[in-house]
There are 2 protein chains.
Amino acid sequence: MAADRTRTAIITAAERLYAERGFADVTMRDIVAAADVNLAAVNYHFGSKDELIAELFVTRSIATNRERLRELKAAEEAGNGRATAQEIFAALVGPTLRGCLGEAKQRSDAARFMIRASIESVPPIRKIKNREVDHLKRFAAALRRTLPDHDPADIFWALHFALAMAHQTIRDTERLTRMSDGLCDLDNVQAIIDRVVSVALMALTGKPARAKARA
Amino acid sequence: MAADRTRTAIITAAERLYAERGFADVTMRDIVAAADVNLAAVNYHFGSKDELIAELFVTRSIATNRERLRELKAAEEAGNGRATAQEIFAALVGPTLRGCLGEAKQRSDAARFMIRASIESVPPIRKIKNREVDHLKRFAAALRRTLPDHDPADIFWALHFALAMAHQTIRDTERLTRMSDGLCDLDNVQAIIDRVVSVALMALTGKPARAKARA
DNA sequence: GTCTATACCTCGATAGAC
DNA sequence: GTCTATCGAGGTATAGAC
């Protein structure tokens, strides 16, 4: 239990510092100072700096992925086993976008940490993302159930593009704001989700999205 | 001239090593050993490791941006001052995708370096990318000339999405391949450009792209 | 099993000789 | 311009206290 306290203190301090200052600027000595523990405690509990970062990222990723699957299941149950393509894309990009965009003031350390992870793409996190494939295959499978006549390759491309748009929007919020001189509204998260989903749908079907597929 | 030789040797060796092994695994001592120069030479000629990386990236970026603008101008001249939206998007994403995708064996160090830069997004390179805004505004301006009745915000969103799709395709080639079990063809670069452009167009106009706007 | 003090090694940077 | 020597910072490893 004393062990738990130290471990938790490290996790909390590390997530906060990385969220605030990014991965490049935070050293292990910074973290242990903030957590008020000994330098060697990080290696004892996590093995290495990279494994600490990996654990932080995995914890938050699991939460996001769970929320994605929850939305997917809910849509499938509401549709008697078939979600609409629109709902599937929304389940994929909605949780991430809702977590990372919106009013900056009230953002949690967890949300800001995930934004950093997206922007800075440090080696331990890259390795984990490469294993995200199985999770994505579930959304591909859902789309194939809904659109059995579609070319499977087009389905994968559409998923790939949906993720691309969502992640780049999180990553390059600032560039989009500056390029558009503030014209692109990045506070209305639902509007952004709708936009990404609608483009992903068009990528898939070659047609503009109908406003509402099901009430 | 002796100075030039040293400087060039460092640049060549650094680009090759970064291309081969990524930024995280290559130290300055690796670079100077490969270039057969003294350790202090890097700091003398470039100031710091980060400035060396920045110079490598800027050099290659300028080449890409020049090619983008060349394509844009060519299309505008062919269209008497107005390029089609299709041509504008193609000018934006074509040079990058042609440089970074396609047959892996014949990829130059320069191309592989740019792929690494895209994937690993190391601090000095992030800083430079943030100044890319002026370049993008030229493409926004071209689109506004071609589509004067469109909502400007939609134009910026479409440009943002086009870049997102292109960069993610370069960055996550492997994930897309694995997710689709090899079904998505990443060797046919022109087909990928067409796909990205067509989705960007739909994002902009809300309609599927016509096959050829102008012969 | 948990934690601490401390030493080690690699890396980027720099001062000063040539 | 180039080189040697060395410094400080950062991540890691270990020996031993509790």
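- Taking 4.0 angstrom as the limit, Thr27(B) places none of its side-chain polar atoms (N or O) nearer than this to OP1 or OP2 of dT10(C).
- Asp25(A) has its CG atom 12 Å from the P atom of dG11(D), to the nearest Å.
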Task: Arg178(B) and Glu174(B): CA distance, side-chain angles, deciding distance, salt bridge (charged side-chain N to carboxylate O under 4.0 Å, His left out) verdict - done: CA-CA 6 Å; Arg178(B) 287 226 312 272; Glu174(B) 194 192 324; 2.7 Å; yes

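- Atom-to-atom, CG of Leu52(A) to C1' of dT12(D) comes out at 14 Å; the value is rounded to the nearest Å.
- Ring planes of Phe23(B) and Phe113(B): perpendicular class, angle over 60° (limits at 30 and 60°).
- Between Tyr44(A) and the phosphate of dT2(C), there is a side-chain N or O to OP1/OP2 separation shorter than 4.0 Å.
- One atom, CG of Asp4(B), and another, P of dT2(D), lie 10 Å apart when rounded to the nearest Å.
- Atom CG in Leu39(A) sits about 12 Å away from atom C1' in dA9(D), given to the nearest Å.
- Phosphate contact (OP1/OP2 of dG12(C), side-chain N/O of Asn43(B), threshold under 4.0 Å): absent.
- Considering only side-chain N and O atoms, His45(B) lies under 4.0 angstrom from the phosphate OP1 or OP2 of dT2(D).
- Nucleotide dG10(D) holds its C1' atom 13 Å from the CG atom of Asp50(A), rounded to whole Å.
- Ala41(B) comes within 4.0 angstrom of no nucleic acid atom, judged by non-hydrogen atoms across all strands.
- Within the 4.0 Å cut-off from OP1 or OP2 of dG1(D), not a single side-chain nitrogen or oxygen of Asn38(B) is found.
- Per the geometry, CZ belonging to Arg29(B) stands 12 Å off C1' belonging to dT14(C), to the nearest Å.
- Between Ser48(A) and the phosphate of dG11(D), there is no side-chain N or O to OP1/OP2 separation shorter than 4.0 Å.
- With hydrogens and angles disregarded, a donor-acceptor distance shorter than 3.5 Å links the side chain of Asp30(B) to the backbone of Thr27(B).
- Regarding Glu51(A), its CD atom lies at a distance of 9 Å from the P atom of dT12(D), rounded to whole Å.
- Summarising the geometry, the separation between CZ on Phe23(A) and C1' on dG10(D) is reported as 17 Å, rounded to the nearest angstrom.
- Around CZ of Arg112(A), the count of heavy atoms belonging to other residues, nucleotides or ligands within 6.0 Å exceeds 12.
- The closest side-chain heavy-atom distance from Val199(B) to Phe161(B) is not below 4.5 Å.
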